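Report on the structure given below.
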2 protein chains.
Amino acid sequence: MAQSRPHVHSDDCPGCHAAPEVAFARHDHSHCSGDVLARAEALANAQGARLTPVRRRVLEILLEEHRALGAYDVLQRLAAEGFGNQPPVAYRALDFLVENGLAHRIRRLNAFAACMHPGEAHAPAFLICRHCNHVAEAPAAAVRAALDGAAAEMGFLIERSNIEALGLCPACRGAGE
Amino acid sequence: MAQSRPHVHSDDCPGCHAAPEVAFARHDHSHCSGDVLARAEALANAQGARLTPVRRRVLEILLEEHRALGAYDVLQRLAAEGFGNQPPVAYRALDFLVENGLAHRIRRLNAFAACMHPGEAHAPAFLICRHCNHVAEAPAAAVRAALDGAAAEMGFLIERSNIEALGLCPACRGAGE
DNA sequence: TCTTGACATGTTATCTTATAACATAGATAG
DNA sequence: CTATCTATGTTATAAGATAACATGTCAAGA
């Protein structure tokens with residue numbers, strides 16, 4: 001998973017989003033993890049939110065896996081490391097991360113994934129590969145715009161929304177499945 | 001809920017979708033329920049799917065409520081009417097309805113809602129009012145197109161997707177909440 | 001008519017996901 | 001230093017979903 005594959009980083013898009021098709025590709029993951037984590041830390045401070053040990057560790061776990069994890073998966077790893085081993089421990093940390101824009105909830109999977117673009121106010125669409133289970137965030141400004149438009153036509157005011165798609169990522173398409 | 005409010009029906013859009021803002025408005029619901037149910041029945045036949053008593057009753061229940069119901073809500077009503085009272089009874093019927101395009105699963109609510117446009121091959125966006133809990137289907141062709149485009153940029157092939165929005169419906173906006 | 005096979009339903013048991021409620025500890029402001 | 005707020009730990013339980021097997025029903029082919 002942590003194969004070193006050089007790729008350009010843009011300022012607003014560390015690690016996995018450097019080039020359009022890179023998010024799903026293999027790349028030096030320790031690099032983008034560290035980058036995202038640093039940005040997350042800065043963001044938390046800026047927002048006056050406290051990235052405590054449990055919360056930070058949960059974020060690290062999500063970043064390490066680079067895929068969506070269930071709350072109980074996270075909990076298991078926390079427990080193994082000496083943190084509390086009851087569900088609320090995991091859920092609270094995960095909720096904190098979601099509320100502070102450091103992680104996303106993937107409803108289709110009942111799971112959570114680290115946000116790869118913390119700080120860029122964004123509401124991405126999630127692309128879930130049904131074969132390798134990886135999740136990528138796709139820029140969804142256009143999608144949101146269309147959705148807002150459709151809602152407005154009906155007089156509906158959108159406050160939050162989730163857009164998730166299931167399918168095949170480039171690698172798994174290439175691999176014949 | 002079943003206030004008689006005249007509104008024009010279009011052929012492709014019985015009941016609740018006659019005019020843009022009608023889906024959320026009060027209207028003669030027994031009318032669109034019946035209409036949708038008849039269409040659902042025809043559709044099931046055409047597809048060779050069997051709309052058995054339980055399945056039909058579940059669809060009716062969803063139509064009567066005109067909102068998203070949890071599987072256990074449905075189950076409770078089924079049990080009260082002499083059908084089986086174990087979870088699989090409800091889940092199987094609901095799964096059948098979803099697979100045959102007669103109902104939708106709203107993941108954000110862990111719930112199910114009757115499809116208001118059976119037969120029109122469609123993949124709508126769901127607008128969920130956080131105040132009155134009603135769910136409407138918004139035409140989402142443009143949204144899907146944008147989403148497909150965003151995915152294609154990343155080399156991702158979408159097979160299924162769900163688009164859900166939480167907010168305020170026209171009535172609840174008007175009512176000051 | 002029988003019977004066989006496919007499909008639907010009923011039932012038991014269990015699993016996964018999520019939260020309520022309360023107790024304890026740690027940080028921060030006054 | 002102490003009151004208060006926030007975070008964590010813990011117990012218990014609620015809510016959502018499915019696996020596995022038994023029973024029933026119906027219709028096509030022998």
Side-chain angles (χ1 to χ4, degrees), chain A residues 41 44-45 47-62 67-100 102-113 128 133 162 164, chain B residues 41 44-45 47-62 67-100 102-113 128 133 135 162 164 166:
Chain A
E41 214 143 32
N45 282 333
Q47 291 175 345
R50 296 169 50 196
L51 194 58
T52 60
V54 211
R55 293 167 175 174
R56 188 195 160 99
R57 188 66 196 114
V58 169
L59 181 55
E60 284 172 4
I61 288 169
L62 292 180
R67 63 190 175 91
L69 290 181
Y72 282 75
D73 296 329
V74 171
L75 178 59
Q76 203 172 339
R77 301 195 46 170
L78 286 179
E81 297 174 22
F83 293 97
N85 65 351
Q86 297 305 316
V89 173
Y91 279 103
R92 282 197 287 237
L94 289 165
D95 288 347
F96 169 88
L97 295 174
V98 169
E99 264 156 36
N100 289 274
L102 304 177
H104 298 290
R105 183 169 201 156
I106 315 291
R107 307 206 90 104
R108 186 147 198 145
L109 302 176
N110 292 326
F112 301 81
I128 307 161
N133 282 311
N162 56 298
E164 302 171 1
Chain B
E41 213 143 33
N45 283 333
Q47 291 174 345
R50 296 171 49 195
L51 194 58
T52 61
V54 211
R55 292 167 176 176
R56 188 195 159 99
R57 189 66 195 116
V58 169
L59 181 54
E60 285 171 4
I61 288 169
L62 293 179
R67 64 189 175 92
L69 290 182
Y72 281 74
D73 296 329
V74 171
L75 178 59
Q76 203 173 338
R77 302 196 45 169
L78 286 179
E81 296 175 21
F83 294 97
N85 65 351
Q86 297 305 316
V89 173
Y91 279 104
R92 281 196 288 236
L94 288 165
D95 288 347
F96 170 88
L97 295 174
V98 169
E99 265 156 36
N100 289 275
L102 303 178
H104 299 290
R105 183 169 202 157
I106 316 291
R107 308 206 89 104
R108 185 148 196 143
L109 302 177
N110 292 325
F112 301 81
I128 307 162
N133 283 310
V135 176
N162 56 296
E164 301 171 1
L166 195 69

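A note on names: the letters A, B, ... follow the listed sequences, proteins ahead of strands, and every chain is numbered from 1. Not measured: the values here are computed from a predicted model.
- Rounded to whole angstrom, the span from the CG atom of B/Asn85 across to the C1' atom of C/dG10 amounts to 9 Å.
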Item to check | side-chain contact (heavy atoms from CB on, under 4.5 Å) between B/Val58 and B/Leu102, worked out | outcome: CA-CA 11 Å; B/Val58 169; B/Leu102 303 178; over 6 Å; no
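- The distance between atom CD of B/Gln76 and atom P of D/dA15, rounded to the nearest whole Å, is 11 Å.
- The CZ-C1' distance, from A/Arg108 to D/dA17, rounds to 16 Å in whole Å.
- C/dG10 atom C1' lies 14 Å from atom CZ of B/Arg55, rounded to whole Å.
- Within the 4.0 angstrom heavy-atom criterion, base atoms lie near B/Val89.
- Nearest heavy atoms, A/Val98 versus A/Arg105: CG2-N, 4.2 Å.
- Nucleic acid contact for A/Arg92: base, since at least one base atom lies under 4.0 Å from a heavy atom of the residue.
- No salt bridge links B/Glu164 with B/Arg107; every basic N to acidic carboxylate O contact stays at or beyond 4.0 Å.
- Under the 3.5 Å distance criterion, the side-chain polar atoms of A/Asp73 are matched with a main-chain donor or acceptor of A/Gly70.
- One atom, CD of B/Gln47, and another, C1' of C/dC7, lie 17 Å apart when rounded to the nearest Å.
- Between the CZ atom of B/Phe83 and the C1' atom of C/dT11 there is a distance of 17 Å, rounded to whole Å.
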Which protein N or O atoms sit under 3.5 Å from an N or O of nucleotides 12-19 of chain C?
{"from": "C/dA18", "atom 1": "OP1", "to": "A/Arg105", "atom 2": "NH2", "distance (Å)": "2.9"}
{"from": "C/dA18", "atom 1": "OP2", "to": "A/Tyr91", "atom 2": "OH", "distance (Å)": "2.9"}
{"from": "C/dA18", "atom 1": "O5'", "to": "A/Tyr91", "atom 2": "OH", "distance (Å)": "3.3"}
{"from": "C/dA18", "atom 1": "N7", "to": "A/Tyr72", "atom 2": "OH", "distance (Å)": "2.6"}
{"from": "C/dA18", "atom 1": "N6", "to": "A/Tyr72", "atom 2": "OH", "distance (Å)": "3.2"}

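- What separates CG of B/Leu94 from C1' of C/dT9 is a distance of 15 Å, to the nearest Å.
- A distance of 12.0 Å separates CG of A/Leu78 from CD of A/Gln86, quoted to the nearest 0.5 Å.
- When rounded to the nearest whole Å, the span between CG of A/Leu51 and P of D/dT6 equals 18 Å.
- Distance CG/B/Leu166 to CG/A/Asn162: 9.0 Å, rounded to 0.5 Å.
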Got a list of protein N/O to nucleotides 27-30 of chain C N/O distances below 3.5 Å?
none

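- Note that CG of A/Leu59 and CG of A/Leu51 are 6.5 Å apart. Values are rounded to the nearest 0.5 Å.
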Next on the checklist: Pair A/Phe112, A/Ile106 - check side-chain contact (heavy atoms from CB on, under 4.5 Å), show working.
Outcome noted: CA-CA 6 Å; A/Phe112 301 81; A/Ile106 315 291; over 6 Å; no
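- Seen from the ring of A/Phe96, A/Arg55 counts as a face-on cation partner, given the 6.0 Å and 45° thresholds.
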